[in-house]
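Just so it is clear, the structure is predicted and the values come from calculations on it, not from any experiment. Here is the naming used below: chain letters follow the sequence lines, and residue numbers restart at 1 for every chain.
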There are 2 protein chains.
Amino acid sequence: MKNDNDIEQRIQYLIHCLREAGIKATNQRLEVFRTVLESEEHPDAERVYQIVSQRVPTISLDTVYRTLWLLKDLDFISTIETTQSKTRFDANIDTHHHFVCSECGAIIDFYNDKFDKLEIPIEIEELGTANRLLVEIKGICNKCLANMTNDQIKTKKGERK
Amino acid sequence: MKNDNDIEQRIQYLIHCLREAGIKATNQRLEVFRTVLESEEHPDAERVYQIVSQRVPTISLDTVYRTLWLLKDLDFISTIETTQSKTRFDANIDTHHHFVCSECGAIIDFYNDKFDKLEIPIEIEELGTANRLLVEIKGICNKCLANMTNDQIKTKKGERK
DNA sequence: TTTGGTGCAAACCGTTTGCATCGCT
DNA sequence: AGCGATGCAAACGGTTTGCACCAAA
């Protein structure tokens, strides 16, 4: 779904936009962006930090945070709503939808043409300016279903903020 | 949209379910549930605490937390995905959809018959068991739009986790 | 009466911030 | 060379937990 050319191209575009905005295109920033681009999960800051550290061992967690928010402000990545305390980031710019596990909080992207064609109702204008629509399906993911049958008498306690 | 009978009825049902499960129906628990039921916003724990305190002045914030999670485990309320650090709670059991402000994180319920009729695609079975579908529209709410034009040269910085 | 629930205060964990140093441009 | 970016460590804010007391069943 993602190929290296796409990724290099988007990194080049980031460098271009940063320079244009008078923001320095440091190695840390580019590697943080690359990590989110390459990630198939929806990584939180800690996870991004773990991965980037392998390439840039001296990077600090707070630089990762600062960079992620910078990328978000520049609309290169977005944040995902979660039921957990950790903020999760996403560089998937294709139209997609979410399957959300109410047990473990996993968010799995899925694609669906019918949902892609849904239009934003006019009534929304009363609330604000809309720019994106996505369908969210809540349920329990396969992994959690497996755990629940294993545990049998399960003390139901989900992940919390 | 909500009337007092509905609320009393749901509280009675809670008492019934608690007793059945061998959990004590304490005043604190009932008042926390009443507060979420009566709330038109999607209150966070702190907000629930503020309101409940007026009726039960000795209640503590951690009891509010414990009760909210208990009610969630019993499926009397649900938690809402947010981009902010605070967990927000919801007792709205009607089928509804969300308008989410990407600036301030506000979540506004809206109703739409067409969206209500959307069906869960079969492909979802590969991911897990689905039980609810909702449409999420992302945009910028009127309040934030107003602020943005006021501030003019705005140092774009949203609410963060 | 008994056992689970509550309130308190301290711990926890994800995230942010102040400051001195470092390295793009 | 200059100034924004970084790394460190300490602060912060929402949430959780251990413990002794209290009250619903």
Task: For atom CD of B/Glu20 and atom P of D/dA24, their distance in whole Å - done: 21 Å

Open item on the list: Need to verify one output field. Residue with the more 5' nearest nucleotide on DNA chain D, A/Ile23 or B/Phe89?
Closed with: A/Ile23

Task: A/Asp62 side-chain proximity, nearest of C/dG14, C/dT17, C/dT6 - done: C/dT17

Task: Listed nucleotide nearest any side-chain atom of B/Lys24, set D/dG7, D/dA25, D/dA5 - done: D/dA25

Open item on the list: Give me the atom names and distance for the closest heavy-atom approach of B/Val52 to B/Val32.
Closed with: CG2-CA, 4.0 Å

TODO: Tell me what B/Arg66 touches on the nucleic acid: a base, only sugar-phosphate, or nothing, going by heavy atoms under 4.0 Å.
DONE: base

- [ ] Write down the distance between CD (B/Glu46) and P (D/dT16), rounded to a whole number of angstrom.
- [x] 14 Å

Open item on the list: From CZ of B/Arg47 over to C1' of D/dG14, roughly how many Å is that when rounded to an integer?
Closed with: 17 Å

Open item on the list: Please pick, from D/dC8, D/dA5, C/dG7, the nucleotide with the shortest atom-to-atom distance to any side-chain atom of A/Ser60.
Closed with: D/dC8

Open item on the list: By the 4.0 Å heavy-atom rule, please label A/Arg29 as base, sugar-phosphate, or nothing.
Closed with: sugar-phosphate

Task: Identified ring pair (Phe, Tyr, Trp, His ring centres under 6.0 Å) counterpart of B/Phe110 within the set B/His97, B/His96, B/His98 - done: B/His97

- [ ] In whole angstrom, give the distance that lies between atom CG of A/Leu70 and atom C1' of D/dG4.
- [x] 12 Å

Open item on the list: Ignoring hydrogens, what is the shortest heavy-atom contact between A/Ile59 and A/Tyr49? Give both atom names and the distance.
Closed with: O-CE1, 3.3 Å

TODO: Would you mind telling me which of D/dG2, D/dA25, D/dG7 lies closest to the side-chain atoms of B/Arg19?
DONE: D/dA25

Task: Ion pair check, B/Arg66 and B/Asp62, cut-off under 4.0 Å - done: yes

TODO: Please report, rounded to the nearest Å, how far the P atom of C/dC13 is from the CG atom of A/Asp44.
DONE: 15 Å

Open item on the list: If you only use heavy atoms from C-beta on, which nucleotide in D/dT16, C/dG14, D/dA5 is closest to the side chain of A/Ser85?
Closed with: C/dG14

- [ ] Grab the two heavy atoms, one from B/Leu37 and one from B/Ala91, that are nearest each other, plus how far apart they are.
- [x] CD2-CB, 3.9 Å

Open item on the list: I need the CG-P distance between B/Asp73 and D/dT16, as an integer number of Å.
Closed with: 11 Å

Task: Nearest-Å distance for atom pair OH/P, residues B/Tyr49 and D/dG13 - done: 17 Å

- [ ] Describe the nucleic acid contact of B/Gln28 in one word from base, sugar-phosphate, nothing, applying a heavy-atom distance below 4.0 Å.
- [x] sugar-phosphate

Task: Under-4.0 Å side-chain N/O to phosphate OP1/OP2 contact, A/Thr26 with D/dG4 - done: no

TODO: Can you check whether any acceptor in the base of C/dC24 is under 3.5 Å from a donor in the side chain of A/Asn27, or vice versa?
DONE: no

TODO: Quickly work out the B/Leu68 CG to D/dT16 C1' distance and round it to whole Å.
DONE: 14 Å

